[in-house]
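A quick write-up on the structure given underneath.
Chain A is the first sequence line, chain B the second, and so forth, proteins listed ahead of strands; every chain is numbered from 1. These numbers come from a predicted model, not from an experiment.
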Amino acid sequence: MPTVRTRFAPSPTGLLHIGGVRTALFCWLYARRHGGTFILRVEDTDRERSTPEAVQVILDGMAWLGLHADEGPYYQTKRYDRYREVIRQWLAEGKAYHCWCSKEELETMRNAQLARKEKPRYDGRCRAGRDPVPGVTPVVRFRNPQEGAVVVADAVHGDVTFQNAELDDLIIERSDGNPTYNFCVVVDDYDMKVTHVIRGDDHLNNTPRQMNMLRAMGVEPPVYAHLPMILGPDGTKLSKRHGAVSVLAYREEGYLPEALLNYLARLGWSHGDQEIFTLEEMTALFDIADVNKSASAINPEKLAWINQQHLMRTPPARIVPELRWQLERLGVTGGSDSALEAVVIAQRERSQTLKEMAEASRFFFEAPAAYDEKAARKHLTAESAALLDQSKSALAALPDWEASAIHGVIRSQAEAGGFGLGRVAQPIRVAVAGGSVSPPIDQTLAILGRQETLARLEKAIAHAKR
RNA sequence: GCUCCCAUCGUCUAGAGGCCUAGGACACAGCCCUCUCAAGGCUGGUACGAGGGUUCGAAUCCCUCUGGGAGCGCCA
């Protein structure tokens, strides 16, 4: 059994979006699971649309996700000599031939077929050879078998049979001398000794042609696994307004890479009823046999839930740099690692994303610019001013500034007044956080520190007395 | 139009002939917990696209239909 070799082969013509990431993930997981090699190959033969920026976006995205390649990135544009070599050889062996049809001629053929309600395809008119046509630079076509059938033994779909009669002779070299996609894929998968081709099922229809070309090279095709498509939340094709944005946008929105990967893995793959997986669990459990055949729609709410589950389970120290990055994006700097860690622990069960966490934690690092109007009207009243004042004195007198002692103060204040904790806690909460929502008040004050707490209480008392 | 693929709650899915009066998760509703918001716990509603077979028995196997998708390019 040869070592497993998988490849992720994006084309840098657009963005690396959710669909591409899921494909990359499955390739990566499969290689990891079997101690194999994961190859990154950039398919940039479309010189018109490929851009260095798009390449960089792919590289950055993969790096953020932690989907590191064991080999590559390879670039198809750097392999043109090899492609030409194969084409020359095929031409010599009769496996390929020159086609002198002009684009106009092909267009006419196509329209006629469409008019006859036939599947548009090349009719092979140059197959037997044709004299050079003046003014036309020929393309090279692969001589596809005309008889028999090709069976794709797909690891997720099972056997899928295509009649060779349905396939035409595809162009492998354009008139400008550049090789085409389907051909490059074949040469690359052959040269790179790819054992498992895991890709989107929009490629299922290309597979028989690729298999025929692989056989023309004298090898048996690799194992194919065609993954179902990922749809937008409304069940239609992914578009810009859905998730078809760069994966890096998910970092900005405050998602953990492992959470995004967990979510994506569960789109089309499952392991019983388990929903939350660490990367380690996924690599240990992943199997193509458990991959679904049907397309699935992304559900942003579930992604958010999974993200929160990861926020709650991941060691806080690992979250700290992510939170710091989000805070900096809000223009909030400072705070020691240990302070941020305490914030993470206080906020993780009340934040679905790191962005939310940063926004909700702003007040820990800077005094609220203004009180939430509604909250202030309700809790910073003349009568609560007296209560706030008492709390302030009691807190100032506390020997140790820690949560349980702070809780003791709040509780005795409430007991003394004969009312619930909320009556004491809410005004304090508004005073320190600026609004009526925060982590438990004792924990909040403990993180904030005595000095800052007292200062904010002072200010709130003044406000309440106005 | 032709070829190919797909089809269980709104969504993600479990289900490989009897364990299914269909299980879990997200979302939703109610209750509990409770200093706010959450988290957590409990409860509830909603699904096998339709029709034919095969079988003692079908969500599971076969056929047809319907619906969705992909491909059919000197794009990838």
Exercise. In terms of ring plane angle, is the pair A:H98 and A:W100 parallel, tilted or perpendicular, where the classes change at 30° and 60°?
Worked result: tilted
For this session: Give one of base, sugar-phosphate or nothing for A:K103, where a contact means two heavy atoms less than 4.0 Å apart.
Result: base
Problem set entry | Out of B:U11, B:G24, B:G1, whichever nucleotide has its closest atom nearest the side chain of A:K117 | B:G1
For this session: Provide the distance between the two C1' atoms, one in B:U46 and one in B:U34, to the nearest whole Å.
Result: 31 Å
Exercise. Which nucleotide in the list B:C74, B:U13, B:C26 gets nearest to the side chain of A:K302?
Worked result: B:C26
Exercise. Between the side-chain atoms of A:N299 and the base atoms of B:A27, is any donor-acceptor pair under 3.5 Å?
Worked result: no
Problem set entry | Sugar-phosphate, base or nothing in reach of A:H226, heavy atoms under 4.0 Å | nothing
Exercise. With no angle test and no hydrogens, is the base of B:G23 tied to the side chain of A:D273 by a donor-acceptor pair under 3.5 Å?
Worked result: yes
For this session: Before accepting this row, confirm whether a basic side-chain N of the pair A:R88/A:E85 lies closer than 4.0 Å to the acidic partner's carboxylate O.
Result: no
Seminar exercise, completed: In Watson-Crick or G-U wobble terms, with both distances under 3.5 Å, the base opposite B:C28 is B:G44
For this session: Look at the side-chain N and O atoms of A:N206 and state whether any lies under 4.0 Å from the OP1 or OP2 oxygen of B:A70.
Result: no
Exercise. CG of A:L267 versus C1' of B:C26: gap in Å, rounded?
Worked result: 12 Å
Problem set entry | Flag for A:S361-A:E359: side-chain donor and acceptor within less than 3.5 Å | no
Exercise. Which of parallel (below 30°), tilted (30 to 60°) and perpendicular (above 60°) describes A:F277 and A:H271?
Worked result: perpendicular
Problem set entry | Over 12 non-hydrogen atoms of neighbours within 6.0 angstrom of OH in A:Y190 | no
For this session: Could you work out which one of B:C26, B:G1, B:A38 sits closest to the side chain of A:R350?
Result: B:A38
Exercise. With sugar-phosphate meaning primed atoms plus P, OP1 and OP2, does A:I441 contact a base, only sugar-phosphate, or nothing at under 4.0 Å between heavy atoms?
Worked result: base
Problem set entry | For B:C20, the Watson-Crick or wobble partner whose two distances fall under 3.5 Å | none
Exercise. If you look at every strand shown and take non-hydrogen atoms under 4.0 Å, does A:N182 touch a base, only sugar-phosphate, or nothing?
Worked result: base
Exercise. Can a side chain N or O of A:H203 be found less than 4.0 Å away from OP1 or OP2 on B:A70?
Worked result: no
Seminar exercise, completed: Atom CG of A:L227 and atom P of B:C6 are separated, to the nearest Å, by 14 Å
Exercise. Do any side-chain nitrogens or oxygens of A:R110 fall under 4.0 Å of OP1 or OP2 in B:G73?
Worked result: yes
Exercise. Can you tell me the Watson-Crick or wobble partner of B:U34, both distances under 3.5 angstrom?
Worked result: none
For this session: Determine whether any donor atom in the side chain of A:E275 lies under 3.5 Å from an acceptor atom in the base of B:G24, or the reverse, and answer yes or no.
Result: yes
For this session: Look at all strands and tell whether A:D442 reaches a base, only sugar-phosphate, or nothing, counting heavy atoms closer than 4.0 Å.
Result: base
Identify all side-chain donor-acceptor contacts of residues 136-144 of chain A below 3.5 Å with residues at least two apart in sequence or on another chain.
{"residue": "A:R141", "atom": "NH1", "partner": "A:D169", "partner atom": "O", "Å": "2.7"}
{"residue": "A:R143", "atom": "NE", "partner": "A:G94", "partner atom": "O", "Å": "2.7"}
{"residue": "A:R143", "atom": "NH1", "partner": "A:R127", "partner atom": "O", "Å": "3.2"}
{"residue": "A:N144", "atom": "OD1", "partner": "A:N212", "partner atom": "ND2", "Å": "3.0"}

For this session: Write down the partner of B:U55 under the Watson-Crick or G-U wobble criteria, each distance required to be under 3.5 Å.
Result: none
Exercise. Aromatic ring centroids of A:F183 and A:W90 under 6.0 Å?
Worked result: yes
For this session: Measure distances between side-chain N and O atoms of A:S296 and base N and O atoms of B:C12, and say whether any donor-acceptor pair falls under 3.5 Å.
Result: no
Exercise. Which of residues 404-440 of chain A sit near RNA chain B, with a heavy atom under 4.0 Å from it?
Worked result: A:L421, A:G422, A:A425, A:Q426, A:R429, A:S436, A:V437, A:S438, A:P439, A:P440
Exercise. Base, sugar-phosphate alone, or nothing: which one does A:S175 contact when heavy atoms must sit under 4.0 Å apart?
Worked result: base
For this session: Say whether, by atom type as modelled, one donor and one acceptor occur between the side chain of A:N307 and the main chain of A:L256 under 3.5 angstrom.
Result: yes
Exercise. Would A:S438 and A:R429 count as having a side-chain donor-acceptor pair, cut-off 3.5 Å?
Worked result: yes
For this session: Assign A:T45 to base, sugar-phosphate, or nothing according to its heavy-atom contacts below 4.0 angstrom with the strands shown.
Result: sugar-phosphate
Problem set entry | N/O (side chain, A:Q308) to phosphate O (OP1/OP2, B:A39) under 4.0 Å | yes
For this session: For A:V160, answer base if it contacts any base atom (sugar-phosphate contacts may also be present), sugar-phosphate if it contacts only those atoms, and nothing otherwise; contact means non-hydrogen atoms under 4.0 Å.
Result: sugar-phosphate
Exercise. Base, sugar-phosphate alone, or nothing: which one does A:Y263 contact when heavy atoms must sit under 4.0 Å apart?
Worked result: nothing
Exercise. What is the nucleic acid contact for A:K119, judged by heavy atoms within less than 4.0 Å: base, sugar-phosphate only, or nothing?
Worked result: base
